[in-house]
> 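Attaching a single structure in structure tokens format; questions to follow.
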There are 2 protein chains.
Amino acid sequence: MSAAEPKPVSMFDVAKRAGVSHQTVSRVINDAPMVAAATRAKVKAAISELGYRPNRSARTLAGGAVRSVTVFTFDTSLYGTAETLRGIEDAASAAGFTVLISVLDPEQTYTEGEILGRLSHDGAPAIVIAHDETTTQARRILRKAQPGAVVATGDDKLRDEPGAADWLVPLDDRLVAKRATRYLLSMGHRTVHYLAMPGKARRQDGWSEALLEAGIEPPEVIPSGWTIGSAATAAADLVADPEATAIMCGNDDLAFGVLHAAHHAGRSIPGDLSVIGFDDCPMAAYHIPGLTTVDLDFRGVGRSAFELLRHKLEGGPEPRTSWRSPELIVRETSGPARPRS
Amino acid sequence: MSAAEPKPVSMFDVAKRAGVSHQTVSRVINDAPMVAAATRAKVKAAISELGYRPNRSARTLAGGAVRSVTVFTFDTSLYGTAETLRGIEDAASAAGFTVLISVLDPEQTYTEGEILGRLSHDGAPAIVIAHDETTTQARRILRKAQPGAVVATGDDKLRDEPGAADWLVPLDDRLVAKRATRYLLSMGHRTVHYLAMPGKARRQDGWSEALLEAGIEPPEVIPSGWTIGSAATAAADLVADPEATAIMCGNDDLAFGVLHAAHHAGRSIPGDLSVIGFDDCPMAAYHIPGLTTVDLDFRGVGRSAFELLRHKLEGGPEPRTSWRSPELIVRETSGPARPRS
DNA sequence: TATGATCCTGTTAGCGCTCACAGATTCCGG
DNA sequence: CCGGAATCTGTGAGCGCTAACAGGATCATA
């Protein structure tokens, strides 16, 4: 049915065609100096005539500069991780890097061998998007095994580890969580509840700090899963309680779940209840009512993570951090507390 | 500052330790037959004592069975593509495959070399998630270059190409689009408008067929971008028109945009206007009002695409298609047309 | 013209693995 | 007790590339 696959053209084919040695071809495709302009042109011509494309496996095997990153994450379809991945991909492909992805199951515990075995080879560069236990652990394993080739992003508490600045691109949302909580307090709410995603996020710290500073004992955190549905379930009791007038949620999806639950409990937004999310996903602005939330530049963080990794790999000037800092965006799900009767 | 990187352990180290030849080690890690049980045990012990992990680059270079897939897509953060990618990843990592991803910019046109150059090597297996022009073209290039190692998924019209069954995992939504349109018609709507994503989707065919069969000339399609915002803008005029009572949207995000626009135009849902989406993303059920939409099993399609690819690569029994067929889920954004005054 | 420095190019080895094959050992029926 | 299969194991070559070095030109300087 199908013709025999034609043997792919190698560096030697190009070399023969251009009348040079294979090493010269190598120099040309790696933009090495010490090649005469005329030779370079000849080789380039041969390359395009033959449609030659270098073999990445051979390149890595031969120990050339590494041109791939493995991204570890626990879910590619959540807004935050998807955007971060996107940012990494943007920066990586612009730099000619290949992106591999490795999804870790949050339900599972991985051994060191299982994590390292997911790399294309020992010492291969990696970026960990760490938002939960499993990915955080993966980060620990990877950093221990090959500190020079791993960076991480995310919102786990372990950023307090010594030297974290060397390898962490943090989404500094603690401060803005604090600001958001203060904002709610300033609207007359007597306290602010927090609906948390699995894992410990710094934003939770910001929330409790703000309350404490206002002399308020933080109420018990409401634990939720990652899905809208789990948030709706988790918040069911809370939204039914007329005493609760302000809820901050770990991310926008959870906020949507809470809003849904509140709607079914017959509470009006923001009259009876103020709700705040995190992420500013595209839906937030188009939800009715518009969701008050925190703009988080995941894509920028992803890009920066890649730049930092590249810096560790290739040296060069320290890349400057370049993502928007988190900011509270007030829309229509938050407002003044109803005066107490 | 850092100690010298220890040289990674190779197959030869394991061989020496186990007192066998490197080839025997190779047999063990590849689960080849013709190895005595005792030898196998000895080698396995050596492997775990030394923490040996095979080098993927070396394996592919040496021409062993391929253990990686490159996924081409145009956006990793859209619900449909993210879920498909997730499905591919699930199946791939279960089968011990590495997933590489390559994001194509929809604004850009790629040459054959640019597409093929993104593969790890000539002939490397690939899956294309083709929902737009750019990815569809990438699919054409890849299929031409290496028909034995490329499958595609998605909703482009080119599924009508001869022999498509061999390499396409289709999301058969034409029929359900037709059913959805008929459903709206049966609710008394005089016609149904269609808000389209970029690229030509089969669901649009289903829509026009249903109208034609009912003796209705399909109204002009409203073109939209991929974002919620673009849909809101695109639909602004339409929702303001009291004659328009039913709109079908290319996906849920677009539907949310339309709903937002309708809200601002002061039209009540579903009293004045019925809106239907596609995808049944998690938000659809929690939107207020609940979005009538079509359940599309992207994850299942992704899994199947991988299985089909693997079948092409390794032979074996034809994998059976195993994803939920699309189904209309009626929620609260659709209902009977208001009786004409 | 000798003498080095500077530029360019080729040769060789080897990355870690799999393939194809060749040898060694065991087991069986005749 | 032998021939031949069946089972196991080792040897050699080579995948396509890069690193390290060894040359051969060419040029300015003495």
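In what follows, chains carry the letters A, B, and so on, assigned in the order in which the sequence lines appear, proteins first and then strands, with residues in each chain numbered from 1. Values below: every heavy atom of this structure, side chains too, minus hydrogens, waters and symmetry copies.
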> Choose from C:dT9, D:dT11, D:dC17 the nucleotide whose nearest atom is closest to any side-chain atom of A:A36.
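The answer is C:dT9, which lies nearest to the side chain.
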
> Classify the ring geometry of A:H131 against A:F74: parallel below 30°, tilted from 30° to 60°, perpendicular beyond 60°.
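The rings of A:H131 and A:F74 sit tilted, inter-plane angle from 30° to 60°.
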
> So does A:H22 reach the base of D:dT18 with its side chain, donor to acceptor, closer than 3.5 Å?
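Per atom types, the contact qualifies.
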
> Among the nucleotides D:dC17, C:dG16, C:dG10, which one has an atom lying closest to any side-chain atom of A:N55?
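Taking heavy atoms from C-beta onward, the closest nucleotide is D:dC17.
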
> From the list D:dG10, C:dC17, D:dT18, which nucleotide is the closest neighbour of the side chain of B:S10?
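Closest nucleotide among those given: C:dC17.
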
> Nearest to the side chain of A:M34, heavy atoms from C-beta on, is which of C:dT11, D:dT9, C:dC7?
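Given the options C:dT11, D:dT9, C:dC7, the side chain of A:M34 is closest to C:dC7.
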
> Has A:D105 got a side-chain atom pairing as donor or acceptor with A:E107's backbone, closer than 3.5 angstrom?
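Yes; at least one donor-acceptor contact below 3.5 Å.
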
> To the nearest 0.5 Å, tell me how far B:K42 NZ sits from B:I47 CD1.
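Reported to 0.5 Å precision, the distance equals 13.0 Å.
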
> By the 4.0 Å heavy-atom rule, please label B:P54 as base, sugar-phosphate, or nothing.
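If one applies the 4.0 Å heavy-atom cut-off, B:P54 turns out to touch the sugar-phosphate alone, with no base involved.
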
> Whole-Å distance between C:dC15 P and A:D122 CG?
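Distance check: A:D122 CG to C:dC15 P gives 15 Å.
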
> Output the rounded distance in Å from CZ (B:F12) to C1' (D:dG10).
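Going from B:F12 (CZ) to D:dG10 (C1'), I get 11 Å.
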
> For B:S21 and B:G63, find the nucleotide of DNA chain D closest to each by heavy atoms; which residue's nucleotide sits nearer the 5' end?
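This one resolves to B:S21.
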
> Look at the side chain of B:L61 and decide which nucleotide, out of C:dT11, D:dC17, D:dC15, has an atom nearest to it.
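For the B:L61 side chain, the nearest candidate turns out to be D:dC15.
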
> Out of D:dG16, D:dG10, C:dG10, which nucleotide sits closest to the side chain of B:Q23?
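Of the options given, the side chain of B:Q23 lies nearest D:dG10.
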
> Nearest to the side chain of B:A62, heavy atoms from C-beta on, is which of D:dG10, D:dT18, C:dC17?
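The answer is C:dC17, which lies nearest to the side chain.
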
> Check whether any side-chain N or O of B:R143 sits under 3.5 Å from a backbone N or O of B:V150 as a donor-acceptor pair, and report yes or no.
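It does hold such a pair.
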
> If you check the A:R59 side chain, which of C:dC7, D:dC17, D:dG10 turns out closest?
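Looking only at heavy atoms from C-beta outward on A:R59, the closest nucleotide is D:dC17.
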
> In this structure, how many angstroms lie between the C1' atom of D:dT9 and the NZ atom of B:K16, rounded?
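To the nearest whole Å, that distance equals 19 Å.
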
> Is A:R27 side chain donor-acceptor paired with the C:dG10 base, going by distance under 3.5 Å alone?
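Indeed there is one.
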
> Is there side-chain contact between A:L313 and A:R67, with at least one heavy-atom pair below 4.5 Å?
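Not touching, per the 4.5 Å side-chain cut-off.
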
> Describe the nucleic acid contact of A:T39 in one word from base, sugar-phosphate, nothing, applying a heavy-atom distance below 4.0 Å.
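If one applies the 4.0 Å heavy-atom cut-off, A:T39 turns out to touch the sugar-phosphate alone, with no base involved.
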
